[in-house]
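Below is one structure; the comments refer to it alone.
Per chain, numbering begins at 1; letters A, B, ... match sequence-line order. The basis for the numbers below is simple: all heavy atoms, side chains too, and nothing from hydrogens, waters or symmetry mates.
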Amino acid sequence: MTKLNEAFYLRDQVWQISKELIGKFLFTQIDGVTTGGMIVETEAYCGINDRACHANNGRKTKRNNIMYESGGRAYIYLCYGIHYLFNVVTNIKGRADAVLVRAIEPCQGVEVMLKRRNHNTLQNQLTQGPGSLSMALGINLSHYGKLLTGKTIWIEDHQIDVEHLIHSGPRIGIVYAQEDAHKLWRFYVKDNPWVSKI
DNA sequence: TAGGTGATCTTG
DNA sequence: AAGATCACCTAT
């Protein structure tokens, strides 16, 4: 039950970190209420040479500038005008890598998550897909840039060994990325019902 | 399967 | 300045 420390996030090779985040636990604490669950699906986005990454070709805007800071912070952005997507910034300052968390298996604060999502009963859609997950956890732009070593958003290691269950495939929704669209940088727990449907 | 919604990029 | 695109989700 230890919170991942800064050193975990400061490393290179974001795809490795993306894979290691499977089986870890993502939490938020908002208004005294903790919500969260086990990460079951992630995608790696690798700096200026990855055509699918927001920092591709050195792009740096008001939206993505936090990607260039040192790892261990939250990069959150509005997608399609509606959904807030949560990413984990990794690598040292100046290297704009990030991991998109795409799905969690809920374990804490289910009642509050149901309310945030306007759901009555616990179903897989509650935290399936990056937009849904963020809404369930109450993540929005007020969390932009927050340190993941802090008390609002953080990730814990519960010593669960899922490595043998992790599969990989191409990332979702990035067909425009040409040859990079074929990279196997999406990681997920095989046969886990909380993983998003393609 | 279409449409909502807004930041960013591209085109003229 | 206008138009296209986009790391998505929900209800037809």
Side-chain angles (χ1 to χ4, degrees), chain A residues 9 13-19 21-22 26 37 39-69 71 73-91 95-106 113-145 148 153 155 167-189 193-198:
Chain A
Y9 301 106
Q13 297 182 312
V14 62
W15 52 90
Q16 179 65 28
I17 299 175
S18 185
K19 186 175 179 183
L21 282 173
I22 302 291
L26 172 64
I39 297 170
V40 295
E41 181 179 0
T42 63
E43 285 176 0
Y45 288 86
C46 187
I48 62 175
N49 295 316
D50 174 6
R51 300 190 87 111
C53 181
H54 286 170
N56 176 244
N57 202 26
R59 271 180 2 239
K60 191 172 186 179
T61 64
K62 183 170 186 283
R63 178 176 75 163
N64 74 352
N65 70 80
I66 201 70
M67 295 184 80
Y68 291 84
E69 285 302 316
R73 299 159 201 267
Y75 168 41
I76 294 144
Y77 75 97
L78 184 61
C79 183
Y80 297 109
I82 298 186
H83 303 104
Y84 293 108
L85 270 55
F86 168 72
N87 298 255
V88 175
V89 176
T90 65
N91 214 331
R95 299 290 184 89
D97 297 350
V99 176
L100 172 67
V101 179
R102 291 190 53 90
I104 65 171
E105 178 174 332
M113 292 196 281
L114 287 172
K115 191 173 287 185
R116 287 181 182 141
R117 295 270 292 132
N118 292 319
H119 282 202
N120 294 315
T121 56
L122 185 56
Q123 306 164 87
N124 297 138
Q125 302 114 276
L126 183 68
T127 53
Q128 187 173 70
S132 302
L133 167 162
S134 293
M135 186 185 282
L137 293 183
I139 294 172
N140 55 51
L141 287 183
S142 73
H143 308 288
Y144 185 90
L148 301 176
I153 306 187
I155 300 175
H167 284 223
S168 65
R171 293 172 290 179
I172 309 295
I174 54 135
V175 285
Y176 62 89
Q178 303 175 33
E179 67 270 22
D180 289 332
H182 306 304
K183 292 204 160 81
L184 304 180
W185 285 357
R186 170 174 176 258
F187 302 93
Y188 57 95
V189 178
W194 301 91
V195 172
S196 68
K197 310 296 180 218
I198 300 179

Open item on the list: For a side chain to side chain donor-acceptor pair (under 3.5 Å) check, start with the C-alpha distance between A:E41 and A:S196, then their side-chain angles and the critical distance, and finish with the verdict.
Closed with: CA-CA 8 Å; A:E41 181 179 0; A:S196 68; 2.9 Å; yes
Open item on the list: Applying a 4.0 Å non-hydrogen cut-off, can you work out what A:I82 is touching in the nucleic acid: base, sugar-phosphate, or nothing?
Closed with: base
TODO: Report yes if some heavy atom in the side chain of A:D97 is under 4.5 Å from a heavy atom in the side chain of A:V89; otherwise report no.
DONE: no
- [ ] Whole angstrom is fine here: how far is it from CG in A:N57 over to P in B:dT10?
- [x] 9 Å
Open item on the list: Let me confirm one number: the CE-CG distance from A:M67 to A:N91, rounded to the nearest 0.5 Å.
Closed with: 10.5 Å
TODO: Find the distance A:N56:CG to B:dT10:P and express it as a whole number of Å.
DONE: 10 Å
Open item on the list: Side chain of A:T61, heavy atoms from C-beta onward: which of C:dC8, B:dA7, B:dC9 has the nearest atom to it?
Closed with: B:dC9
Below 3.5 Å is the cut-off: list the nitrogen or oxygen pairs between protein and nucleotides 9-12 of chain C, distance only.
residue: C:dC9; atom: OP1; partner: A:G129; partner atom: O; Å: 3.2
residue: C:dC9; atom: OP1; partner: A:P130; partner atom: N; Å: 3.1
residue: C:dC9; atom: OP1; partner: A:G131; partner atom: N; Å: 2.8
residue: C:dC9; atom: OP1; partner: A:S132; partner atom: N; Å: 3.0
residue: C:dC9; atom: O4'; partner: A:H83; partner atom: NE2; Å: 2.9
residue: C:dT10; atom: OP1; partner: A:R117; partner atom: NH1; Å: 2.7
residue: C:dT10; atom: OP1; partner: A:R117; partner atom: NH2; Å: 2.8

Can I get a per-line list of side-chain donor-acceptor pairs under 3.5 Å for residues 120-128 of chain A, giving both atom names and the distance, sequence neighbours left out?
residue: A:T127; atom: OG1; partner: A:I104; partner atom: O; Å: 2.6
residue: A:Q128; atom: NE2; partner: A:P193; partner atom: O; Å: 3.0
residue: A:Q128; atom: NE2; partner: A:V195; partner atom: O; Å: 2.9

Open item on the list: Whole angstroms only, please: what is the OH-P distance between A:Y75 and B:dA7?
Closed with: 13 Å
- [ ] Kindly state whether the pair A:Y45 / C:dA7 counts as stacked, where counting means centroids closer than 5.5 Å and planes tilted less than 30° apart.
- [x] yes
TODO: Choose from C:dA7, B:dT8, B:dC9 the nucleotide whose nearest atom is closest to any side-chain atom of A:R63.
DONE: B:dT8
Open item on the list: Measuring from atom CD1 of A:I139 to atom OH of A:Y144, what distance do you get when rounded to the nearest 0.5 angstrom?
Closed with: 14.5 Å
TODO: Name the nucleic acid region contacted by A:I172, choosing base, sugar-phosphate or nothing; use a 4.0 angstrom heavy-atom cut-off, strictly under.
DONE: sugar-phosphate
Task: Whole-Å distance separating the CG atom of A:N140 from the P atom of B:dG6 - done: 15 Å
Open item on the list: Please report the distance separating the P of B:dG12 from the corresponding atom of C:dT5, rounded so that it comes out in whole Å.
Closed with: 13 Å
- [ ] Starting from P on C:dT5, measure out to OH on A:Y176 and report it in whole angstrom.
- [x] 13 Å
Task: A:I174 CD1 to A:K183 NZ distance, which is reported to the nearest 0.5 Å - done: 9.0 Å
Open item on the list: Measure CG/A:N64 against C1'/B:dC9 and give the value in whole Å, please.
Closed with: 13 Å
Task: Ranges pairing with ranges for DNA chain C, where each run has three or more Watson-Crick or G-U pairs under 3.5 Å - done: B:1-4 with C:8-11, B:6-11 with C:1-6
Task: Side-chain heavy-atom pair A:V101, A:L26 within 4.5 angstrom cut-off - done: yes
Task: Charged tip of A:R73 within 45° of A:Y75 ring normal and under 6.0 Å - done: no
TODO: Could you check how far CZ of A:R59 sits from C1' of B:dC9, rounded to whole Å?
DONE: 8 Å
- [ ] Establish, yes or no, whether the cationic atom of A:R102 lies under 6.0 Å from the six-membered ring centre of A:F187 and within 45° of the ring axis.
- [x] no
Open item on the list: Could you tell me how far apart A:R51 (CZ) and C:dA7 (P) are, to the nearest whole angstrom?
Closed with: 13 Å
